[in-house]
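Every heavy atom of this structure was used, including side-chain atoms; hydrogens, water molecules and symmetry mates were not. By convention in this document, chain letters (A, B, ...) are assigned in the order of the sequence lines, proteins followed by strands, and residues within each chain are numbered from 1.
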Amino acid sequence: MKTEASNNQKKNVKEAKSSSNFIKQIIEEDIKANKNEGRVHTRFPPEPNGYLHIGHAKSICLNFGLAKEYNGLCNLRYDDTDPSKETIEYVEAIKEDVRWLGFEWEDREYYASDYFEQLFEYAVQLIKAGKAYVDSLSPEEIREYRGTLTESGKNSSYRERSIQENLDLFERMRAGEFKDGEHVLRAKIDMASPNIIMRDPTLYRIKHVSHYRSGDMWCIYPMYDFTHCLSDSIEGITHSICTLEFEINRELYDWVLDWLEVYHPQQIEFARLNLSHTVLSKRKLIRLVEDGHVTGWDDPRMPTISGLRRRGYTPEAIRNFCNRIGVAKADSMVDIALLEYCIREDLNKRTPRVMGVLRPLKVVIENYPEDKEEELEAINNPEDPSMGTRKVPFSRVLYIEQEDFMEDPPKKFFRLAPGREVRLRYAFFIKCIDVIKDPDTGDIIELRCTYDPATRGGDAPDGRKVKGTLHWVSAKHAIPSEVRLYDHLFVKENPNEVEEGKDFSTYLNPNSLKTLKDCKLEPSLAKATPGSRFQFERLGYFCVDSKDSTAKALVFNRTVKLRDTWAKILKSHQKNTVDK
RNA sequence: UGGGGCGUCGUCAAGUGGUAAGACACAGGAUUUUGGUUCCUGCAUUCGGAGGUUCGAAUCCUCCCGCCCCAGCCA
């Protein structure tokens, strides 16, 4: 028997704690060695040029989670050094998403663009140290001079300009005396380095573009490699966690900080998230939006935070997911089934149950009086008795789900069929006595049934058992609704893996959205507010769409299906018959 | 064929010289007024491969194989 305490414990299920990983080990060793006086300070550094997705959630949970676990801090920092792509709208959307996920950066909201003056001073310092120079090669020449992966590059003819000349030119770059592309500031490292990043990387470029924050104050903008390490240094970041593709940039990260002799955070790289049946690159997500494959960044099919939110996902489920997938250095592809498991787990505990019929089939209870109606008591959440009960109206004409009736049922089909008796959840046993078809099409349009008044509530006093229990809605009381059923965006597990001459969009799932306009819901749903979540019994978890739903015309999104053993049985049977 | 990384169950992933955690998925079974939930049970004699060191190797050494990243004035 479950005790009150164990019930409570269950309700407050502790968030899955992330297990040990190599980053925690590094941090723990650092703390033990009293590196940084035992301080842990991380940062989440998005570029405001797109919306956050579940891959960013992994990074957010990692950075903020580490800070929390080791009593440290995590900054929110915008890496906004490319004014041609960045906007304030993205800044706002990112803040909303991080906050919604449940993380708090307090007053530590920083912008690399706020460091421009300081960064400029650092660049001057580098020039003075003879470690940077103004190059006047064209972009094409710079590319040619860089060499290839197997051949070393060659020095620019401007590489040996005097410090004075470099200083003068750099000041004039800042002053706006030159056009875009005329000059760049480069680090003077080694054009023969086997690491291409180190072949005199560009530090500053001229861009006569106004910046969403600094306006027209600058026409030269620092590059990522120069900005990021110094921003980390300025903020006193201890562990600068980024994704694997920056591994080769670490040499430059260290080079800049070493030559400038400033506080030196440690860059640590981990593998970015890949999720099956979707794409997670900004470029591809933008294409989905721009090509109209989805309705926007917050389309409930998108793996964006805003899409997941609109779909009905909870921050808790996403955080649990991030804790469960782990952190490592091996490239990997997480099965989207794990994400779905996480949201079901959360919604199962917190969501009220209701009945709604997606594809209605009319049922007339012949022995139920025309004018009679009654209310039956239904449990709101069997997982949580404190959520109480509600009344659902019953009357002579009902709707059940089309797929809950079969005229010629296969073995193991426990639902309604001619002559068979089933239970209507929380109501009565009914028996099908007749099937009415459309004379032209042959489609089943109505079922005639009888009910057993003695089974009120769902139990037969004579101990009679029934195999199936169906959800239903009283026709007279039903409220109409539109319901959107979502499925994986891509049919292919890894849409990034494309066949010759094809592109990821060829693997788009044509059935990723099915809109049902004739759904019938129990009347208690009339007052459902945007964003509220429910379990439609036997079907799945649904939420009221926050954009398109109105009090008069409800729109529900299916967050995720319930686990469906019957569907599995059907599938394996089909497979078996095909195999034979 | 330069450099930097990575290979442990179908998918993630612990493991750090003492004899392969856990989760998802999958397959059985029990309970069930949701074919839901919950609960049991099963699921890597073997860690990319081959050698070697060792009483003992997923862990150390050697060679090989495979995959990923880098030639933006993007991040």
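On a pure distance criterion of 3.5 Å, no polar donor-acceptor pair joins the side chain of E251(A) and the base of rG3(B). Checked by distance alone, Q535(A) brings a side-chain donor or acceptor within 3.5 Å of a matching partner on the base of rU34(B). A donor N or O paired with an acceptor N or O is not found under 3.5 Å between the base of rG35(B) and the side-chain atoms of R538(A).
Annotation: rC9(B) and rG5(B) have their C1' atoms spaced 24 Å apart (nearest Å). Straight-line distance between the P atoms of rC47(B) and rU38(B): roughly 35 Å, to the nearest whole Å. Nucleotides rA58(B) and rC24(B) are separated by 27 Å at their P atoms, to the nearest Å. Annotation: rU16(B) and rU59(B) have their P atoms spaced 12 Å apart (nearest Å). The C1' atoms of rC65(B) and rG51(B) are separated by 14 Å, rounded to the nearest whole Å. Spacing of P atoms, rA25(B) relative to rA20(B), comes out at 27 Å, to the nearest Å. Distance noted for atom C1' between rG7(B) and rG15(B): 15 Å (whole Å). rC39(B) and rG22(B) have their P atoms separated by 15 Å, given to the nearest Å.
Pairing partner, rG36(B): none, since no Watson-Crick or wobble contact has both distances short of 3.5 Å. Look at rG17(B): it lacks any Watson-Crick or wobble partner with both distances under 3.5 angstrom. Both distances falling under 3.5 Å, in either a Watson-Crick or a G-U wobble arrangement, occur for no nucleotide opposite rU46(B). Of the nucleotides present, rG22(B) is the one that pairs with rC12(B) by Watson-Crick or G-U wobble criteria, both distances under 3.5 Å. Of all nucleotides present, only rC61(B) satisfies the Watson-Crick or G-U wobble test against rG51(B), with each distance under 3.5 Å. In this structure, rG66(B) and rC6(B) make a Watson-Crick or G-U wobble pair, each of the two defining distances being under 3.5 angstrom.
Here E340(A) lies out of heavy-atom contact (under 4.0 Å) with every strand. Among the atoms of the strands shown, base atoms are found under 4.0 Å from some heavy atom of F413(A).
Between the side chains of H277(A) and E493(A), not a single donor N or O lies within less than 3.5 Å of an accepting N or O. Side-chain N/O atoms of K349(A) and N381(A) include no donor and acceptor closer than 3.5 Å. Between the side chains of R161(A) and S136(A), at least one donor-acceptor pair of N or O atoms lies under 3.5 Å.
Distances from the side chain of T150(A) to the nucleotides rG35(B), rG2(B), rA14(B) place rG2(B) closest. Of the candidate nucleotides rU34(B), rG5(B), rA13(B), rU34(B) has the atom lying nearest to any side-chain atom of P382(A). Between rG15(B), rU34(B), rG35(B), one nucleotide has an atom nearer to the side chain of I569(A) than all others, and that is rG35(B).
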Item to check | ring-ring contact (aromatic ring centres under 6.0 Å, His included) assessment of F270(A) paired with F22(A) | outcome: CA-CA 9 Å; F270(A) 72 99; F22(A) 76 101; 8.1 Å; no
Item to check | ring-ring contact (aromatic ring centres under 6.0 Å, His included) between F116(A) and Y221(A), worked out | outcome: CA-CA 8 Å; F116(A) 282 169; Y221(A) 293 95; 5.7 Å; yes
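Between F394(A) and F428(A), a ring centre-to-centre spacing shorter than 6.0 Å is recorded. Taking the six-membered ring for Trp and the full ring otherwise, Y90(A) and Y51(A) have centroids separated by under 6.0 Å.
The phosphate of rG36(B) has OP1 or OP2 within less than 4.0 Å of a side-chain N or O from T565(A).
Taking atom CD on E269(A) and atom P on rG4(B), their separation rounds to 14 Å, with Å as the unit. Atoms CE (M333(A)) and P (rC67(B)) sit 16 Å apart, rounded to a whole Å.
A donor-acceptor pair is defined here as one N or O able to donate and one able to accept, closer than 3.5 Å; such a pair exists between the side chain of E401(A) and the backbone of L358(A).
A cation-pi arrangement is present between K284(A) and F504(A), with the terminal nitrogen or guanidinium carbon under 6.0 Å from the aromatic centre and inside a 45° cone about the axis.
The 5' end of RNA chain B is approached more closely, in terms of each residue's nearest nucleotide, by Q25(A) than by the other of Q25(A) and A427(A). Along RNA chain B, the nucleotide nearest I325(A) and the nucleotide nearest T455(A) are compared for position; the residue whose nucleotide lies closer to the 5' end is I325(A).
Checked for salt-bridge contact, E345(A) and R324(A) meet the test: a charged N lies under 4.0 Å from a carboxylate O. Between D114(A) and R213(A) there is a salt bridge, with a side-chain nitrogen of the basic residue lying less than 4.0 Å from a carboxylate oxygen of the acidic one.
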Checklist entry - Reading nucleotides 17-32 of chain B 5' to 3', which nucleotides get B (base under 4.0 Å from a protein heavy atom), which S (sugar-phosphate only), which -? => result ------SSSSS-----
Checklist entry - Quick one: what's the B/S/- string for nucleotides 69-75 of chain B, heavy-atom cutoff under 4.0 Å, read 5' to 3'? => result SBBSBSB
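More than 90° away from 0 lies the glycosidic angle of rG10(B), which makes this nucleotide anti.
In this structure Y111(A) satisfies the ring pair (Phe, Tyr, Trp, His ring centres under 6.0 Å) test together with Y78(A), sequence neighbours excluded.
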